[in-house]
Amino acid sequence: MAPRNWIAVASAEHARRGRDHRPLGFMQVGHGKHAPLKRLAAGDRVAYYSPATVFGGTDKLQSFVSIGVVQAGEPYEFDMGQGFVPWRRDVAYAAAHEASIAPLIERLAFIEKPQQWGYKFRFGLFDVTDADIALIARTMQADLKALAL
């Protein structure tokens, strides 16, 4: 089965925490929900879009901050302390630069109405075409080989 492509939504602070985790990155969606992560499979590509820098922030970062490949294994729980135990998936993030969505709004197929471009991001995790993930990866100057693009 061909890999699928996903956009996940989180604050840049949270997306960067997963991207920069060592030895392997991780992803969480929907405030740690399990069900959305079950939709992903090893080899799928995921790009993180961040509307703001911090959770609940009002700045308009509106950028893609990381892009990578979902690794083998099932979602797992991780104790972050203070009673918060979210579900995660391991992700091998590609070398890439953060990039604004602004120049892509008219070019991304998943944006059906450019004047309402932010609507789709309310879902928190949604699939996109190969062409869209490739456009995002190129805009981020990502390592295309690491993404198998």
Side-chain angles (χ1 to χ4, degrees), residues 1-55 61-80 84-114 116-149:
M1 199 161 106
R4 293 175 70 185
N5 307 294
W6 302 90
I7 303 292
V9 181
S11 70
E13 177 183 42
H14 291 173
R16 290 170 185 152
R17 186 177 298 148
R19 177 193 69 195
D20 298 340
H21 187 265
R22 298 293 177 254
L24 188 62
F26 65 87
M27 67 178 293
Q28 296 174 188
V29 293
H31 307 290
K33 289 187 175 74
H34 181 242
L37 294 178
K38 293 191 303 184
R39 297 169 51 202
L40 289 85
D44 286 359
R45 292 175 284 259
V46 61
Y48 260 97
Y49 170 78
S50 297
T53 303
V54 298
F55 178 70
L61 182 65
Q62 300 174 336
S63 295
F64 291 101
V65 299
S66 59
I67 188 167
V69 177
V70 177
Q71 300 299 287
E74 295 298 317
Y76 58 91
E77 291 181 291
F78 183 84
D79 188 346
M80 293 186 69
F84 183 49
V85 185
W87 289 87
R88 292 182 171 180
R89 291 264 341 219
D90 289 335
V91 176
Y93 287 100
H97 299 279
E98 296 183 13
S100 171
I101 194 174
L104 304 180
I105 290 171
E106 299 279 342
R107 299 170 62 196
L108 291 165
F110 71 84
I111 296 177
E112 297 166 14
K113 296 180 181 178
Q116 297 172 330
W117 65 268
Y119 175 76
K120 190 88 172 197
F121 295 102
R122 292 176 172 225
F123 295 102
L125 180 71
F126 57 92
D127 60 333
V128 298
T129 65
D130 287 347
D132 277 355
I133 205 76
L135 176 60
I136 293 164
R138 287 192 307 274
T139 301
M140 295 179 75
Q141 300 174 8
D143 179 346
L144 301 181
K145 287 184 182 177
L147 298 169
L149 288 173

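Positions are given from 1 along the sequence.
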Report yes if some heavy atom in the side chain of L108 is under 4.5 Å from a heavy atom in the side chain of I136; otherwise report no. yes
R16 and T53, any side-chain heavy atoms less than 4.5 Å apart: yes
Is the shortest heavy-atom distance from the side chain of T139 to the side chain of F64 under 4.5 Å? no
Side-chain donor/acceptor of R19 to backbone N/O of V65, under 3.5 Å: yes
Check whether any side-chain heavy atom of L40 sits under 4.5 Å from a side-chain heavy atom of M27, and report yes or no. yes
Specify the closest pair of heavy atoms between V9 and F121, including all atoms of both residues, with the distance to one decimal. CG2-O, 3.5 Å
Of all heavy-atom pairs linking S100 and A102, the shortest is OG-N, 3.1 Å
Answer yes or no: is there a donor N or O on one side and an acceptor on the other, between the side chain of Y93 and the main chain of V69, under 3.5 Å? no
Is any side-chain heavy atom of I133 less than 4.5 Å from a side-chain heavy atom of I67? yes
Nearest heavy atoms of L61 and A12, plus distance in Å: CD2-CB, 3.4 Å
W117 side chain near Q62 side chain, heavy-atom distance below 4.5 Å: yes
Going from OH on Y48 to CD1 on I7, what distance comes out if it is rounded to the nearest 0.5 angstrom? 11.0 Å
Any side-chain heavy-atom pair from Q28 and R17 closer than 4.5 angstrom? no
Kindly assign one of parallel, tilted or perpendicular to the pair W87 and H34, based on the angle between their ring planes and the thresholds 30° and 60°. tilted
Just wondering, do R89 and V46 contact through their side chains at under 4.5 Å, heavy atoms? no
Measuring from atom CZ of F110 to atom NZ of K120, what distance do you get when rounded to the nearest 0.5 angstrom? 8.0 Å
If you count heavy atoms of other groups shown closer than 6.0 angstrom to CZ of R107, is the number above 12? no
Paired with R4, the salt bridge (Lys or Arg N to Asp or Glu O under 4.0 Å) test is passed by just one of D127, D44, D132, namely D127
About how many Å separate CZ of F26 and OH of Y76, when rounded to the nearest 0.5 Å? 7.0 Å
Give a yes or no on whether E77 atom CD has more than 12 heavy-atom contacts from other residues, nucleotides or ligands under 6.0 Å away. yes
Considering residues, nucleotides and ligands other than Y119, do more than 12 of their heavy atoms fall under 6.0 Å from its OH? no
Look at the aromatic rings of H14 and F55 and report parallel, tilted or perpendicular, splitting at 30° and 60°. parallel
What are the two closest heavy atoms between F84 and H31, and how far apart are they? CE1-O, 3.8 Å
What are the two closest non-hydrogen atoms of A134 and L149, and how far apart are they? CA-CD1, 4.0 Å
All heavy atoms of E106 vs all of P114, minimum pair found to be OE2-CB, 3.6 Å
Output yes when a side-chain donor or acceptor of S50 lies under 3.5 Å from a complementary backbone atom of A10, and no otherwise. yes
